[in-house]
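Contents: one structure, followed by commentary.
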Number of protein chains: 2
Amino acid sequence: MPTLSKETPRRGLDPAKVIDSALLLADTEGLAAVTLRRLAQSHQVTPMSLYRHFADKSDLLNAIADKLLADIDLPEPTGERWDRQLRAVMAAFVDALRPHPNVAGLTLTRILVAESGLVMAERTMELLIEGGFEPEYAAEVGRQAICSLIVLVTTEPGAGEDPEPEIREQSLRMKRATLGALDPKRYPLITSAADTLVCPTSTDRYYTLGIDLIVAGIRGVRQDPDA
Amino acid sequence: MPTLSKETPRRGLDPAKVIDSALLLADTEGLAAVTLRRLAQSHQVTPMSLYRHFADKSDLLNAIADKLLADIDLPEPTGERWDRQLRAVMAAFVDALRPHPNVAGLTLTRILVAESGLVMAERTMELLIEGGFEPEYAAEVGRQAICSLIVLVTTEPGAGEDPEPEIREQSLRMKRATLGALDPKRYPLITSAADTLVCPTSTDRYYTLGIDLIVAGIRGVRQDPDA
DNA sequence: ACAGTAGGTCTACGGTGTAGACTTGTCAAC
DNA sequence: GTTGACAAGTCTACACCGTAGACCTACTGT
């Protein structure tokens with residue numbers, strides 16, 4: 001029997017676990033908190049050890065993005081109309097990103113690389129073509145739609161704010177005050193809608209509206225590419 | 001006559017010029033190249049000098065964003081339909097950001113702070129309300145629309161790539177190759193549209209389509225907020 | 001003439017990503 | 001069994017970052 005107390009203490013660094021803790025760290029303290037040193041420390045290991053498993057930091061970040069994309073739970077094709085199905089695909093995408101607004105932006109460059117990103121992209125184009133788009137046009141529209149969805153998540157009201165609820169609430173109050181203090185003669189609409197602008201009514205509504213807007217846009221540019 | 005050889009060598013650091021060179025630097029070498037040390041060096045000054053004019057780095061970055069926003073050349077109100085006017089406003093916004101895709105994202109947090117951002121936001125809400133939106137709804141829709149426009153610019157095909165044309169071209173070729181090398185059985189649409197996905201036909205078309213998509217979306221969600 | 005101050009400098013600190021040479025446990029092949 | 005190869009982790013060091021705090025110093029208003 002060889003020398004291994006519990007599954008080879010030598011290989012104590014599971015890349016998957018590193019990614020997990022990196023994601024957790026980003027979720028709780030923001031992307032800037034994800035540091036090789038900090039990550040190494042939390043795994044009781046030297047910073048340089050990480051380089052045995054990741055080419056460099058961006059490689060690790062890409063791995064996080066790929067993990068997010070892998071969480072997409074794409075709905076099975078149904079007999080519904082193309083636009084309803086498209087909406088479902090988009091909702092699935094957003095659902096995968098929503099829990100991690102701080103890192104959602106990382107997926108921008110990985111969609112056409114990661115497996116599940118490719119599957120979603122292919123499916124999206126499929127539905128667009130079924131909806132009557134030319135393949136070229138479908139590619140451009142799909143690209144933009146997916147980008148918009150990502151941004152929907154990264155700019156979710158309150159994303160990027162401090163994680164401490166008190167500081168965050170303080171910051172929001174400050175913004176509202178600043179906006180409310182503007183001259184109502186010059187900015188009547190902004191001042192009166194200050195609350196909504198700073199932080200929309202409900203997060204669910206926010207996402208529903210966001211997706212609706214995109215789907216409606218796609219439907220709208222369908223027949224006449226030259227509007 | 002006091003001692004000034006040429007306009008007080010003591011005050012050799014014009015904040016406006018610092019912002020200008022920061023913007024230039026970001027445009028040519030990417031946002032990451034904008035460094036206090038580098039900026040100071042290019043103005044023959046110590047890094048700490050910058051702190052006499054900017055509270056910290058983020059303050060300087062905000063100043064860049066404000067400058068971009070100040071470049072917006074908002075069209076005068078006309079008698080046209082609300083949606084056509086809205087389109088013109090959006091086009092003006094995009095025109096201001098387009099020359100600086102690397103820093104366009106900085107404007108996200110400054111629109112409701114900078115003068116010209118506020119003016120544009122107010123005007124946007126005005127038009128939306130003229131189009132029949134409730135004020136609250138207009139705020140949410142407007143917010144999302146403006147975010148989408150910004151992202152349209154930051155994700156412009158080839159943005160964030162290396163500035164050297166050769167490296168950049170190389171990178172694009174690589175991506176196209178990777179995409180084209182996928183299994184056509186699994187990803188028939190992606191592989192056949194690889195070229196368009198990597199880099200859309202024309203930049204102008206790209207922006208036209210992007211704006212069309214957003215305007216069409218707004219038009220589409222107008223009457224039925226609960227679709 | 002003098003105090004105040006705005007603008008720029010110097011030094012230093014703690015943080016970052018990462019290159020390169022080194023150690024060491026593990027396993028395969030002779 | 002012994003011996004190598006090798007994968008995984010370590011150590012040291014470097015260049016760079018933003019910025020705090022004390023300092024100088026030339027100008028300005030009184």
Side-chain angles (χ1 to χ4, degrees), chain A residues 1-23 25-26 28-65 102-103 105-106 109 160 162-163, chain B residues 1-23 25-26 28-65 102-103 106 109 160 162:
Chain A
M1 173 175 295
T3 3
L4 43 87
S5 57
K6 39 188 65 176
E7 52 167 341
T8 62
R10 190 90 202 128
R11 322 180 44 226
L13 206 49
D14 181 353
K17 300 203 173 184
V18 173
I19 297 174
D20 284 346
S21 53
L23 180 52
L25 193 53
T28 54
E29 303 190 34
L31 193 53
V34 176
T35 270
L36 294 185
R37 285 177 155 84
R38 188 134 174 214
L39 231 39
Q41 192 175 16
S42 86
H43 286 260
Q44 324 230 43
V45 123
T46 279
M48 288 308 289
S49 308
L50 298 171
Y51 283 83
R52 289 286 153 189
H53 307 276
F54 303 96
D56 54 16
K57 190 181 180 181
S58 81
D59 187 38
L60 193 150
L61 262 31
N62 284 340
I64 298 181
N102 292 337
V103 292
L106 297 176
T109 58
D162 202 284
Chain B
M1 173 178 294
T3 3
L4 41 89
S5 57
K6 39 188 68 175
E7 52 167 341
T8 62
R10 190 92 204 124
R11 322 182 44 228
L13 206 47
D14 181 354
K17 300 203 172 184
V18 173
I19 296 174
D20 284 346
S21 52
L23 181 52
L25 192 53
T28 54
E29 303 190 34
L31 193 53
V34 177
T35 269
L36 294 184
R37 286 177 154 85
R38 189 131 174 217
L39 231 39
Q41 192 175 20
S42 86
H43 286 261
Q44 325 231 41
V45 124
T46 279
M48 287 308 290
S49 309
L50 299 171
Y51 283 83
R52 289 285 154 192
H53 306 276
F54 304 96
D56 54 17
K57 190 181 181 180
S58 80
D59 187 38
L60 192 151
L61 262 29
N62 284 340
I64 297 181
N102 291 337
V103 292
L106 298 175
T109 58
D162 202 283

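Here the structure is a predicted model, which is why all the values come from computation and not from measurement. Residue numbers begin at 1 in each chain, while the letters A, B, ... track the order of the sequences.
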If I take atom [atom1] in residue [X] and atom [atom2] in nucleotide [N], what distance separates them, rounded to the nearest angstrom?
{"X": "B:D59", "N": "D:dT19", "atom1": "CG", "atom2": "P", "result": "10 Å"}
{"X": "B:E29", "N": "D:dC16", "atom1": "CD", "atom2": "C1'", "result": "15 Å"}
{"X": "B:D56", "N": "D:dC17", "atom1": "CG", "atom2": "C1'", "result": "14 Å"}
{"X": "B:L13", "N": "D:dT25", "atom1": "CG", "atom2": "P", "result": "20 Å"}
{"X": "B:Q41", "N": "D:dC17", "atom1": "CD", "atom2": "C1'", "result": "14 Å"}
{"X": "A:D14", "N": "D:dA7", "atom1": "CG", "atom2": "C1'", "result": "15 Å"}
{"X": "B:R38", "N": "D:dG18", "atom1": "CZ", "atom2": "C1'", "result": "16 Å"}
{"X": "A:K57", "N": "D:dC16", "atom1": "NZ", "atom2": "C1'", "result": "14 Å"}

[atom1]/[X] to [atom2]/[Y] distance, rounded to the nearest 0.5 angstrom?
{"X": "B:L39", "Y": "B:S49", "atom1": "CG", "atom2": "OG", "answer": "11.0 Å"}
{"X": "A:Q41", "Y": "A:T46", "atom1": "CD", "atom2": "OG1", "answer": "11.0 Å"}
{"X": "B:Q44", "Y": "B:L13", "atom1": "CD", "atom2": "CG", "answer": "11.0 Å"}

For C:dG17, does the base pair up with any side-chain atom of A:R37 as donor and acceptor (N or O, under 3.5 Å, distance only)? yes
Going by heavy atoms in the side chains, are A:V103 and A:V34 under 4.5 Å from each other? no
Does any residue of residues 46-53 of chain A have a heavy atom under 4.0 Å from DNA chain C, and if so, which ones, in number order? A:M48, A:Y51
Could you check whether any side-chain N or O of A:D59 sits under 3.5 Å from a backbone N or O of A:F54, counting only pairs where one atom can act as donor and the other as acceptor? no
Could you note down all residue pairs passing salt bridge (Lys or Arg N to Asp or Glu O under 4.0 Å) where residues 34-50 of chain A supplies at least one of them, sequence neighbours left out? A:E29-A:R38
